Amino acid sequence: MSRKFFVGGNWKMNGDKKSLGELIDTLNGAKVDPNVEVVCGAPSIYLDFVRSKLDRKFGVAAQNCYKVPKGAFTGEISPAMIKDCGLEWVILGHSERRHVFGESDELIGQKTAHALENGLGVIACIGEKLDEREGGITEKVVFEQTKVIADNVKDWSKVVLAYEPVWAIGTGKTASPQQAQEVHEKLRGWLKTNVSEAVANSVRIIYGGSVTSGTCKELASQKDVDGFLVGGASLKPEFVAIINAKA
């Protein structure tokens, strides 16, 4: 079955109303492939601003959320709040949440379950560090991370799996198209064995890690690469070229 190409932009902790407003104007005026689902992950303080300005053909995601609806959790936001701002997506388990902020697989699983129960789509991130790849345990690491996510998913139609080798995020290093395809293919095989063949065939597995307008076309041509989660380049006009990688 055909899987709709998915391109997420993760703006991380970048931008202000002026620069994000200019980026939104660029996106709103751009000619983008109608067969691609595009979702922009904005800083939480600007979610309302971005949703009100960005053309409705683009989705907007929060970059994180907590595992409960409300309460004494200073600085956190809930899926209910995200939905209240008219958003339909959240990014969970990004390597920066795991390795800078110390989020465990278990917590990411709990967040995933709660976000899905509240009707948000989840871009769930997995990926190995450089020492893990060099140690030959890429599969072990990504399968363990995927299992915790899978254990918390009832409806896979709302999940996009983002494979992001940590050694390729913000480093300028990109996994070769062959390296990306190899891991994506193994992930699909894991889903087939451990979830179901239908889920393995339908779930979108996207690649993240220094994707640029220069690398996107060859990556997009790989059989099991169903899109991208783009960091730095999503803040630049070249994001349009990445969205149109399959066009």
Side-chain angles (χ1 to χ4, degrees), residues 2-65 77 79-94 115-116 118-125 157-164 169 202-213 215-217 219-220 225-247:
S2 69
R3 298 179 293 267
K4 187 169 188 176
F5 206 69
F6 185 102
V7 177
N10 181 8
W11 297 350
K12 306 190 181 183
M13 195 177 75
N14 292 299
D16 51 28
K17 284 187 177 177
K18 181 176 183 294
S19 65
L20 294 180
E22 289 165 358
L23 177 63
I24 288 165
D25 286 345
T26 299
L27 289 172
N28 286 350
K31 189 174 187 306
V32 295
D33 185 342
N35 300 311
V36 178
E37 186 168 3
V38 182
V39 175
C40 296
S44 59
I45 198 166
Y46 295 131
L47 288 172
D48 221 1
F49 170 78
V50 172
R51 183 63 288 171
S52 68
K53 304 277 187 195
L54 192 62
D55 192 295
R56 286 279 159 181
K57 68 174 177 269
F58 302 109
V60 180
Q63 296 174 13
N64 193 24
C65 69
I77 61 173
M81 293 171 176
I82 294 166
K83 287 201 74 178
D84 194 38
C85 288
L87 278 59
E88 42 299 288
W89 289 93
V90 64
I91 302 168
L92 291 174
H94 191 279
L116 290 168
N118 283 270
L120 283 180
V122 173
I123 302 167
C125 303
S157 69
K158 303 280 284 184
V159 178
V160 172
L161 206 53
Y163 168 61
E164 297 202 303
I169 296 174
S202 64
V203 77
R204 291 173 290 184
I205 306 175
I206 63 175
Y207 171 76
S210 300
V211 176
T212 66
S213 55
T215 59
C216 64
K217 278 201 179 299
L219 283 162
V225 175
D226 302 315
F228 308 116
L229 186 57
V230 186
S234 69
L235 289 155
K236 301 171 186 170
E238 73 175 298
F239 188 46
V240 175
I242 298 170
I243 293 168
N244 292 331
K246 295 278 268 193

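Everything quoted here is computed from the prediction, not taken from an experiment.
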- request: For the pair Tyr163 and Tyr207, name the ring-plane relationship: parallel under 30°, tilted 30 to 60°, perpendicular over 60°.
  value: tilted
- prompt: Which pair of non-hydrogen atoms, one from Val211 and one from Leu219, has the smallest distance, and what is that distance?
  reply: CG2-CD1, 4.4 Å
query: Under 3.5 Å, is there a donor-acceptor pair between the side chain of Asn28 and the main chain of Leu54?
result: no
query: Where do Ile206 and Val225 land on the side chain to side chain contact (heavy atoms under 4.5 Å, CB included) test, with the steps shown first?
result: CA-CA 6 Å; Ile206 63 175; Val225 175; over 6 Å; no
- line: Between Ala162 and Ile123, the two heavy atoms sitting closest are CB-CG2, 4.1 Å
- request: Classify the side-chain pair His94/Glu164 by whether it contains a donor and acceptor separated by less than 3.5 Å.
  value: yes
Between CG on residue Leu20 and NZ on residue Lys53, distance to nearest 0.5 Å: 12.0 Å
field: salt bridge (charged side-chain N to carboxylate O under 4.0 Å, His left out) between Lys18 and Asp16, worked out
entry: CA-CA 5 Å; Lys18 181 176 183 294; Asp16 51 28; over 6 Å; no
- prompt: Do any N or O atoms from the side chain of Asp33 and from the backbone of Asn244 form a donor-acceptor pair under 3.5 angstrom?
  reply: no
- prompt: Just how far is it from atom CG of Leu229 to atom CG of Leu161, taken to the nearest 0.5 Å?
  reply: 11.5 Å
- prompt: Which heavy atom in Cys40 sits nearest to a heavy atom in Phe239, and how many Å separate them?
  reply: SG-CE2, 4.2 Å
query: Atom CZ in Arg51, atom CZ in Arg56: separation rounded to 0.5 Å?
result: 4.0 Å
task: Verify side chain to side chain contact (heavy atoms under 4.5 Å, CB included) between Val39 and Phe6, making sure each step is shown before the conclusion.
output: CA-CA 8 Å; Val39 175; Phe6 185 102; 3.6 Å; yes
- request: Using a 4.5 Å cut-off on heavy atoms from C-beta on, say whether the side chain of Ile77 contacts that of Leu47.
  value: yes
message: Distance check, rounded to the nearest 0.5 Å: Leu120 atom CG versus Ile91 atom CD1?
response: 12.0 Å
message: For Lys12, is the NZ atom crowded, meaning more than 12 foreign heavy atoms sit under 6.0 Å from it?
response: yes
Heavy-atom closest contact (Cys216 atom, Phe228 atom, distance): O-CZ, 3.3 Å
- prompt: Is atom NZ of Lys17 surrounded by more than 12 heavy atoms (other residues, nucleotides or ligands) closer than 6.0 Å?
  reply: no
- request: Would you confirm whether Glu88, through its side chain, and Val60, through its main-chain N or O, come within 3.5 Å as a donor-acceptor pair?
  value: yes
message: Using 0.5 Å steps for rounding, measure from the CH2 atom of Trp11 to the OG atom of Ser234.
response: 7.5 Å
message: Please give me the minimum heavy-atom distance between Gly15 and Ser19, naming the atom from each residue.
response: CA-OG, 3.4 Å
query: Nearest 0.5 Å, what's the CG-CG distance between Asp25 and Asp55?
result: 11.5 Å
query: Backbone N or O of Gly232 within a donor-acceptor pair of the Asn14 side chain at under 3.5 Å?
result: no
- prompt: Looking only at heavy atoms, which two atoms of Ala115 and Val122 are closest? And how far apart?
  reply: CB-CG2, 3.8 Å
task: Please check if the side chain of Lys4 supplies one atom and the backbone of Glu37 the other of a donor-acceptor pair under 3.5 Å.
output: no
